[in-house]
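Quick note: residue numbers are just sequence positions, from 1. Counting starts at 1 for both ligands and their atoms, following the listed order. Computed from a prediction, not measured in an experiment: that's the story for all the values here.
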Amino acid sequence: MTNKEIRERDLAKIWHPCSQMKDYETLPFIPVKSGKGAYLFDFDGNRYLDAISSWWVNLFGHSNPYINEKIKEQLETLEHVIFAGFTHESAVRVAERLVDLTPKGLDKLFFADNGSSAIEIALKMSFQYYKNNNETRDVFISLENSYHGETMGALAVGDVALYKKIYDEILIKTYQAKSPALVSEDEALESMRELFERFGSRVSAVVIEPLVQCAGSMAMYDASYIKKLKELCGEYGVFLIADEIAVGFGRTGTMFACESAGVVPDFLCLSKGITGGYLPLSVVMMSDEIYGAFYCDYLEGKSFLDSHSYTGNALACAAANATLDIFEKDNIIEKNRNKIKTLSGFMQPFSELENVKEIRQRGFIGAVELKGYEPNERVGLKIYEYALKNEVLLRPLGNVIYFMPPYIVSDEEMEKMTSVAYKAIKSL
Ligand SMILES: Cc1ncc(COP(=O)(O)O)c(C=O)c1O
C-alpha cells in the first residue's frame, strides 16, 4: 500500500473535518500508517514529528506501551455498556481520581464523549439549575476570540468568525465580553461587568478558556484575570464555566489551568488529553450543591436527561485511568517544568526574525505570531507545507505558528520542531 493508493480511496468516499476538500488537490493529506512516540509514519516511509499532539490530544506519545496494555486489559473484560442504569469500575475510578485531582469543591462528574458535548452539557446544566430553582436565566456570556467547539450551543458561545459567522442566524444569541488576551485585564473585566449590569439576573453563566484561547490563535492571558472574574461572578451570582478541554492535564504547567489562579469554577469541562489522545471522552465536573438541585423524585421533572450513546465508554475510561497513572508514576507535572524551560530556550531565536510580531508561551504551549501578511496569502499553509517536507507536523492558525508537543518529546525533537519552524518562517 502506498500513500497514493490510500489517498485515492479516501478521496472517493471521505469528507474531512476542518478542510476545504479542494485544497487536497494541491496539498494532499498524509495517510498515516503508524505512530510511535512523537512521530507519525506514512505509507511511503516518511516520518513526521507531531508538534501539535494530533489536535492537542496526545500527551504521552503515539502507541504508548502502557496505555496500549491498559486498553487491551479493559478490552478483555468490557468494551462498553449503556451508562444509564449501569456503571463499571473504570468509570468509577476515573471519577474518583478526577474529583481528587481537581480543585476542591468539584464533587461530582458527568460523562460525555467529546469536548463540544461537554460544553453543551455545562450550558444546559447551568440553565436548568436556575429553572429547577424557579428562575429563568437565558443569557450566556463568553469572551471575544473564544472557541468552545462546533456543535450549535458550543459554537454559539464561541467567537471565531471563521467557524461561526455562516451559522449566526441559527445560533442562540450569546454575548461576548472583551478578552484579557486582547485588551488590558481591567478593560476586559469592565466589559464583563457592563454585561452583568445590562442583563442582571438573566445571566446564567460565563464560559472561558482559562489562560489560553487556543483556537483563537493561542492568545494568552494571566491567571489574575480568572481570579478577578470569579470574584465578579460571585458578586453577581453568575456561574463560571471553565473550558479546560484544551488546557487541562498539564498543558499550561499545572495539572489544571484554574489551579494557577486558585479558582474553583462552578463547572469544569475536560476532554482531549483525558485519554492521552486515544479515545473520545469528556467530563463536566460540578459541586454537590449543583448536583443537589437536580436530585428529586422523578415526577418532579428536574432530572438532567442529557445522554450520548458512548457516554462513559469503558475503553476510553481505561485509557483515562492509564493516562492518570502515567501522570502519577512518572511525576509528569514536575518533569515537564524543565522541558517547558527547554522549549522556552528554543523559542528565543524567533524574536530575531523581522517578520515575527511576538513570541508567547504558557507551559507546554509555545506560539510565534507573524506580522505583515494578509489572510489571503495563507502563510500558515506555506509553513505547514514546508514543515511537512522537513518531517514536522505543524498546523498554524492563520499567522500563528504554535508548538504543543506530546510531553514525551525529547530535547532533540523540540530542537527539530522549532528549528524547522524557524527555517520555514525565514523562507517566506
Ligand atoms: C477550548 C476548547 N473547547 C472545546 C473544544 C471542542 O472539543 P471537541 O473538538 O472534542 O468537540 C475544543 C476543541 O478544540 C477546544 O479547544
For Asp222 and Arg362: C-alpha separation, side-chain torsions, deciding distance, then whether salt bridge (charged side-chain N to carboxylate O under 4.0 Å, His left out) applies. CA-CA 9 Å; Asp222 291 337; Arg362 275 286 178 292; 2.8 Å; yes

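- Near Asn114, with a cut-off below 4.0 Å to any heavy atom, the atoms of ligand 1 are 10 (O), 11 (O).
- The aromatic rings of Phe111 and Phe83 lie perpendicular to each other, with more than 60° between the two planes, well past the 30° mark.
- Taken to the nearest 0.5 Å, the NZ atom of Lys33 stands 10.0 Å off from the CD1 atom of Ile6.
- Remark: ligand 1 and Trp56 share no N or O pair separated by less than 3.5 Å (distance only, no angle test).
- The aromatic rings of Phe294 and Tyr129 lie tilted to each other, with the angle between the two planes from 30° to 60°.
- Close N/O approach between Gly115 and ligand 1 is found [any backbone or side-chain N/O within under 3.5 Å].
- Shown in contact with Ala246 at under 4.0 Å from a heavy atom are these atoms of ligand 1, numbered in order with element: 16 (O).
- Ring-plane geometry between Phe327 and Tyr407 is classed as perpendicular, the angle between the planes exceeding 60 degrees on a 0 to 90 degree scale with a lower cut at 30.
- To the nearest 0.5 Å, atom OG1 of residue Thr151 and atom CD1 of residue Ile119 are 8.5 Å apart.
- Ring-plane geometry between His16 and Tyr24 is classed as perpendicular, the angle between the planes exceeding 60 degrees on a 0 to 90 degree scale with a lower cut at 30.
- The proximity of Cys214 to ligand 1, defined as any non-hydrogen pair under 4.0 Å, does not occur for either the backbone or the side chain.
- Residue Lys272 touches ligand 1 through its side chain alone, judged by heavy-atom distances below 4.0 Å.
- Where the criterion is an N or O separation shorter than 3.5 Å, residue side chain and backbone included, Asp243 meets it with respect to ligand 1.
- In terms of protein heavy-atom proximity, atom 15 (C) of ligand 1 is nearest to Tyr147 CD2, 3.8 Å.
- Every atom of ligand 1 is numbered from 1 in the order shown, and the set under 4.0 Å from a heavy atom of Ser116 is 6 (C), 7 (O), 8 (P), 11 (O).
- Where the criterion is an N or O separation shorter than 3.5 Å, residue side chain and backbone included, Glu209 fails it with respect to ligand 1.
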